[in-house]
*Asks:* 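Below are the structure tokens for one structure; questions will follow.
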Amino acid sequence: MTENQSTDFGFERVEPQEKTRRVGEVFSSVASRYDLMNDLMSMGMHRLWKKFTIERASVKYGHNVLDLAGGTGDLAKIFSSQVGDDGQVILADINFSMLNEGRARLVNYGVSNNLSIIQLDGENLSFNENTFDIVTIAFGLRNITDKERALKSIYRTLKPGGKLLILEFSKPMNFLKPTYDLYSFKVLPFLGKMVAKDEDSYKYLAESIRVHPDQKTLMNMMEKAKFERCRYTNLTGGIVALHEGYKF
């Protein structure tokens, strides 16, 4: 993406820097109720989707793991228990408010010294080349302004044999679409208004799902970024998909 190109912010087209700013405002607004809203919006299904992602990650003792756009740290805390004393987990997010929520939850959970929290931009990872065994990004890629750049940056930081897992909303099967649209554009903003006191942010989140690349498009983007053995698994009728790819 060049500097003068526009990008999506929900159904709007905006300048790249404008999207980055407005996405930041969205997540700063919803951070304190983010986990509660996830439970309400998905009817608890997000926990099963994340559990499946953790199982497919197959994190081992001694691994170095990056949980990118990890927000409140629900994946990172599990990875921390899996990598042990010889491993390292980094919880990273561009949004300071989300990381503060994550830090508080992880302190309450009692995570060990093998977990670090870093504020950074997913498009410009500052880690050395060949650093991580596993990189995960759950429900965060669609909010990154330049997804192609982020994928290339992730690829650079993975070790040879390392694995990327992207858990993200995707394109559901056709028979689900009418109900899914009704829920997305009517129920979600209403929940946002009543629970998070922020209808507009949840209207954006519903729109951002619709403009995010579908399953095959995202897999092609991963392959273009040099990932190999790319595949995806549809969850809950394609409402969510888990994409996987390796660096060799």
*Asks:* If you measure from the Lys or Arg side-chain nitrogens to the Asp or Glu carboxylate oxygens, is any gap between Asp198 and Lys193 under 4.0 Å?
*Replies:* no
*Asks:* Evaluate Gln88 against Ser116 for side-chain hydrogen bond (donor to acceptor under 3.5 Å, both in side chains), listing each step before the verdict.
*Replies:* CA-CA 8 Å; Gln88 181 69 30; Ser116 302; 2.8 Å; yes
*Asks:* Take a 6.0 Å sphere around CG of Asn174 and say whether it holds more than 12 heavy atoms from other residues, nucleotides or ligands.
*Replies:* no
*Asks:* Does atom CZ of Phe11 have more than 12 heavy-atom neighbours, drawn from other residues, nucleotides or ligands, at distances under 6.0 Å?
*Replies:*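 Enclosed.
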*Asks:* Who are the side chain to side chain contact (heavy atoms under 4.5 Å, CB included) partners of Ala57, not counting sequence neighbours?
*Replies:*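 With neighbours one apart ignored, the set is Val59, Phe79, Ile134, Leu165.
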*Asks:* Under a 4.0 Å N-O cut-off, is there an ion pair linking Lys50 with Asp74?
*Replies:*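 Salt bridge between Lys50 and Asp74, a charged N being under 4.0 Å from a carboxylate O: yes.
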*Asks:* Looking at Lys171, I want to see if its NZ is surrounded by more than 12 non-hydrogen atoms of other residues, nucleotides or ligands under 6.0 Å.
*Replies:*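 It does not: Lys171 NZ has 12 such atoms or fewer within range.
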*Asks:* Could you tell me if Thr72 and Glu101 have a donor-acceptor pair between their side chains, going purely by distance under 3.5 Å?
*Replies:*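 Note: Glu101 and Thr72 side chains miss the donor-acceptor criterion.
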*Asks:* Between the side chains of Lys203 and Glu199, is the shortest nitrogen-to-carboxylate-oxygen separation below 4.0 Å, so that they form an ion pair?
*Replies:*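 Salt bridge: no.
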*Asks:* For a quick check under 3.5 Å, do Thr20 and Thr145 share a side-chain donor-acceptor pair by atom type?
*Replies:*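 Thr20 vs Thr145: donor-acceptor pair found between side chains.
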*Asks:* Which residues satisfy the ring-ring contact (aromatic ring centres under 6.0 Å, His included) test with Phe248, sequence neighbours excluded?
*Replies:* Tyr246
*Asks:* More than 12 foreign heavy atoms under 6.0 Å from CZ of Phe185: is that the case here?
*Replies:*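 For Phe185, atom CZ is crowded (more than 12 foreign heavy atoms under 6.0 Å).
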*Asks:* Residues two or more places apart in sequence or in another chain: which of them pass side chain to side chain contact (heavy atoms under 4.5 Å, CB included) with Lys60?
*Replies:*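 Result, side chain to side chain contact (heavy atoms under 4.5 Å, CB included) vs Lys60: Ser58, His63.
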*Asks:* Would you please name every residue forming a side chain to side chain contact (heavy atoms under 4.5 Å, CB included) with Asn124, sequence neighbours left out?
*Replies:* Asp121, Arg149
*Asks:* Does atom CZ of Arg47 have more than 12 heavy-atom neighbours from other groups under 6.0 Å away?
*Replies:*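 Not buried by this count: 12 neighbours or fewer within 6.0 Å.
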*Asks:* Quick one: list whatever passes side chain to side chain contact (heavy atoms under 4.5 Å, CB included) with Ile209, sequence neighbours left out.
*Replies:* Arg142, Phe169, Tyr180
*Asks:* Looking only at side-chain N and O atoms, does Gln119 offer a donor or acceptor that is under 3.5 Å from a partner on Asp93?
*Replies:* no
*Asks:* Are Glu148 and Lys152 ion-paired here, with the side-chain N under 4.0 Å from a carboxylate O?
*Replies:* no
*Asks:* Classify the ring geometry of Phe132 against Phe127: parallel below 30°, tilted from 30° to 60°, perpendicular beyond 60°.
*Replies:*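 Taking Phe127 first and then Phe132, their aromatic rings stand perpendicular (interplane angle over 60°).
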*Asks:* Judged by modelled atom types alone, do Asn100 and Arg103 share a side-chain donor-acceptor pair under 3.5 Å?
*Replies:* yes
*Asks:* In chain order, what residues pass the ring-ring contact (aromatic ring centres under 6.0 Å, His included) check against Phe9, with sequence neighbours excluded?
*Replies:*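 ring-ring contact (aromatic ring centres under 6.0 Å, His included) check on Phe9 returns Tyr204.
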